[in-house]
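Remarks on the structure that follows.
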Amino acid sequence: MFTLLGAKALKYMEDHRQRALLRRMLDRDDRMLRDIGLDRASVHEALSLPMGAGARDHAITLSEHSLGIRRTL
């Protein structure tokens with residue numbers, strides 16, 4: 001049980017860290033955001049997702065879609 005709680009706490013902390021990085025992207029100018037395929041609305045959309053919903057992954061998907069990149073695993 002402790003391991004499960006520890007894993008959830010680590011996931012929460014990582015999600016919090018990634019959201020902080022996304023918020024910092026809003027400090028960039030529009031040109032810089034466009035260079036990576038994002039705009040302010042996309043960053044806000046990713047940040048509006050509930051905790052644990054993968055805000056960073058959502059932002060990456062939006063960027064790839066904007067840039068016409070197809071991710072392969």
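Just so we're clear, the structure is a prediction, and the values are computed from it rather than from any experiment.
For Glu14, the side-chain hydrogen bond (donor to acceptor under 3.5 Å, both in side chains) partners at least two apart in sequence or on another chain are Arg17, Gln18.
Annotation: the span from Arg56 atom CZ to Thr61 atom OG1 amounts to 9.5 Å, rounded to 0.5 Å. Taking OG of Ser63 as the start and NE2 of His58 as the end, the distance is 11.5 Å to the nearest 0.5 Å.
Residues Gly54 and Leu49 share a closest heavy-atom pair of O-CD1, 4.3 Å.
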Which atom pairs, one a donor and one an acceptor, fall under 3.5 Å between side chains of residues 30-37 and the rest of the protein, sequence neighbours left out?
unit_1	atom_1	unit_2	atom_2	d
Asp30	OD1	Arg40	NE	2.8
Asp30	OD1	Arg40	NH2	3.4

For Leu47 and Arg23: C-alpha separation, side-chain torsions, deciding distance, then whether side-chain contact (heavy atoms from CB on, under 4.5 Å) applies.
CA-CA 8 Å; Leu47 289 170; Arg23 281 190 297 277; 3.6 Å; yes
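Checked by atom type and distance alone, the side chain of Arg19 never pairs as donor or acceptor with a backbone atom of Ala55 at under 3.5 Å.
Leu38 is not connected to Ile60 by any chain of hydrophobic side-chain contacts under 4.5 Å among Ile, Leu, Val, Met, Phe, Trp and Tyr, and they are in different clusters.
Met51 shares a hydrophobic cluster with Tyr12; the chain of contacts runs through ILVMFWY side chains whose heavy atoms sit under 4.5 Å apart.
A heavy-atom distance below 4.5 Å is found between the side chains of Leu26 and His44.
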